[in-house]
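Everything quoted here is computed from the prediction, not taken from an experiment.
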Amino acid sequence: MARGPTFFIRDETGYPMKKKLRDLLERSIDTCIREGILKECAIPFVEVELPREGSHGDYASNIAMVLASTQRENPRKIAQRITDTIEDPEGILEKVEVAGPGFINFFVRDSLWVTLLKEVDDMKEHYGKSDLGAGRRVQVEFVSANPTGPLHIGHARGAVTGDVIARILEASGFSVSREYYINDAGNQMNILGESVWHRYLEILGEDITLPENCYQGEYISNIAKEVAGKYGDSLKSEAKDTVFALLTDLAAGKILEEIKDDLMAFGVVFDCFFSERELYRDNGVTALLKELEEQNFIYREEDTLWFRTTDYGDEKDRVVVRENGEPTYFAADIAYHKNKYERGFDTVIDVWGADHHGYIPRMYAGIQALGKEKEALEIVLVQLVNLLRSGKPVAMSTRAGKFVTLREVIDEVGRDAARFNFLMRRSNSHLDFDLELAKEASSENPVYYVQYAHARISSIMRTALERGYEIPAYHDVDLNLLILPEEHTLVKAIDMFPELIEGSARTFEPHRITFYSSDLASIFHSYYNKNRVVNDDVELTKARLFLVKCVGIVLRNALTLLGVSAPERM
RNA sequence: GCCCCCGUAGCUCAGUAGGAUAGAGCAACGGAUUCCUAAUCCGUGUGUCGCGUGUUCGAAUCACGCCGGGGGUACCA
């Protein structure tokens, strides 16, 4: 389970049926206490869950077992007392049973299931959304790759993960800003300019040996060509400092534009690209460090400035200004986060590659020195990707400029398949990304499995229209005709969608949506193969059309959250 | 050495807030299409949930200790 439980007030939502049952239980317990059937106590959070086993009812609660210790009483007895006291004025329940060590199992009346679909029909593309975030301002910062080369596949997973977290939070009622931090102030930028310089000389016919630390990719030569085309050999006579700065800016600008294009093609759009250079404007970083030094978060050792990160659980203190007077990346990062909070974000989410996990303690130290609570920062780690082709590792070397770019992945496997495949694992675990598998249009590729379910539903709707049916709304149909167990299974799955999103939002776990969409598609495909939606019975057809329409809405909503298209035909 | 992540079926992985008899896909084998899309479905097996101790009514899940894999341990970014 990831971080972030303090993000929400706990039981604010819950999907409709669970909420109803929770209310019944809470009222019953309350009554028991008032009438002396149970001892006085604080009522804990009442959990209602979906039992694995069908014979355990539609829903179950463990509340009696939770109460057992404070009540000093056999949980089965407590369960029985609560059960006996339950009032069910709406007539939700078929029956209630006490089972096992003290579970309370609820069997919901058949006719009630289908009423849950009204919400789906009413809300349509908004079904599943909530107002949990209550408009709180959240920033998600992700990708943030140096503008020294095109995005490669290693960046892709972070890009999708951050993007979908942002989408999920938006759907949960947060006001979300997506941000890309451009590290354009460090030494790597000078090397970028230098790299272009050497290629420029090469194009002008000089023999060069590229220094080992320079970027070697072909894109550098392409930029150099443009430079040569524009300036001819005039740059050779300019002062080197000026030329390097010019080349750096020019290259970084070009590369950044390319990065933006690639991200756009990947369905990832940022609200803000924040330049590290901004932080240094008006001596911003220096001023902040001085302030922190006065507050004793920072101490001086000869020419070096150290931050007391050990005060916040870090292994050792960290340098913020080097002996040579250059601030470290960490120094800029403190200033950057200060800037984030000054812009009014209540919570800031950093999506990092897992190889940066060692920076977590110092970042938390940083924001606490700024006077923020730990809760104001959430760090989501995304594990690295193993790129494969037909099961074999694809060798990559960033230094030599040999890597598979994001653009190439999108071109080869497609945006939908790429995105979906990156979300098929928890961010926390390593991901094998197989290019051949990802572009295969078959049952091996879950993205098509889900999309196919959606396309199939669209097809059913087309057939129905051809045969003179209208796509029914909730009040047009007799939902009591939906009596099959698999129809109830579908309704239950649809019903849990809002809570699923809530869980994903709370834990920053986009993969839950991926798994859910596969599950729902599976239930639907099975239902489809077993039963005819458009059949000889007009009323039954209408009822099933409505059900299937709801499935389609939820599939579409789930795919939309993943940034994956929901095709009408395939 | 220290820190973080991972360890669940032959393989890749889920496991929703500690719940009842542990799940899916793939792989293997056998079946399903007069009719809404076969990119689909149905059936057949598999587990010391890495090992151990503890916490409690109850542990894959929490705590501690081991074992194995990966990553991090810069005045690099």
Evaluate whether the aromatic ring of A:Phe515 and the six-membered ring of the B:A14 base sit under 5.5 Å apart, centre to centre, with an inclination under 30°.
no
[N] - base-pair partner by Watson-Crick or wobble geometry, distances under 3.5 Å:
N: B:G1; result: B:U73
N: B:A38; result: none
N: B:C11; result: B:G25
N: B:C66; result: B:G50

When rounded to the nearest Å, what value does the distance between [atom1] atoms of [N] and [M] take?
N: B:G47; M: B:G54; atom1: P; value: 26 Å
N: B:C26; M: B:G69; atom1: C1'; value: 23 Å
N: B:A28; M: B:C11; atom1: P; value: 16 Å
N: B:G43; M: B:C36; atom1: C1'; value: 25 Å
N: B:U61; M: B:G15; atom1: P; value: 14 Å
N: B:G25; M: B:U21; atom1: P; value: 23 Å
N: B:U46; M: B:A9; atom1: P; value: 14 Å
N: B:U8; M: B:G45; atom1: P; value: 23 Å

Can you find an N or O donor on one side and an acceptor on the other, under 3.5 Å apart, linking the side chain of [X] with the base of [N]?
X: A:Asp355; N: B:G71; answer: no
X: A:Thr304; N: B:C75; answer: yes
X: A:Asn105; N: B:A20; answer: yes
X: A:His430; N: B:G70; answer: no

Which is true for [X] with a 4.0 Å heavy-atom rule: it touches a base, it touches only sugar-phosphate, or it touches nothing?
X: A:Asn531; answer: base
X: A:His525; answer: sugar-phosphate
X: A:His356; answer: base

Which nucleotide in the list B:U12, B:C42, B:C3 gets nearest to the side chain of A:Glu315?
B:C3
Nearest listed nucleotide, side chain of A:Pro51, among B:A20, B:C75, B:G15:
B:A20
Please step through salt bridge (Lys or Arg N to Asp or Glu O under 4.0 Å) for the pair A:Lys39 and A:Glu73, ending with a clear verdict.
CA-CA 10 Å; A:Lys39 291 177 193 133; A:Glu73 180 68 88; 5.8 Å; no
Classify the angle between the aromatic ring planes of A:Tyr329 and A:Tyr181 as parallel (below 30°), tilted (30 to 60°) or perpendicular (above 60°).
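Ring orientation, 0 to 90° scale: perpendicular.
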Check the angle between the aromatic planes of A:Tyr528 and A:Phe524 and answer parallel, tilted or perpendicular using the 30° and 60° thresholds.
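The rings of A:Tyr528 and A:Phe524 sit tilted, inter-plane angle from 30° to 60°.
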On RNA chain B, does the nearest nucleotide to A:Arg362 precede the nearest nucleotide to A:Ala354 from the 5' side, or the other way round? Give the residue.
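Looking at RNA chain B, the more 5' nearest nucleotide goes with A:Ala354.
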Residue mapping more 5' on RNA chain B - nearest nucleotide basis, A:Met424 or A:Pro101:
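In this pair, the answer is A:Met424.
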[X] has an atom [atom1]; how far is it from atom [atom2] of [N], in whole Å?
X: A:Leu431; N: B:C5; atom1: CG; atom2: C1'; answer: 15 Å
X: A:Tyr59; N: B:A20; atom1: OH; atom2: P; answer: 18 Å
X: A:Arg456; N: B:U33; atom1: CZ; atom2: C1'; answer: 11 Å
X: A:Phe330; N: B:A74; atom1: CZ; atom2: P; answer: 14 Å
X: A:Lys530; N: B:C41; atom1: NZ; atom2: C1'; answer: 11 Å
X: A:Arg157; N: B:C5; atom1: CZ; atom2: P; answer: 16 Å

Count the heavy atoms of every other residue, nucleotide or ligand shown that sit under 6.0 Å from CZ of A:Arg462, and state whether that count exceeds 12.
yes
Look at atom CG of A:Asp536 and say whether more than 12 heavy atoms of other residues, nucleotides or ligands are closer to it than 6.0 Å.
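Incorrect, the count does not exceed 12.
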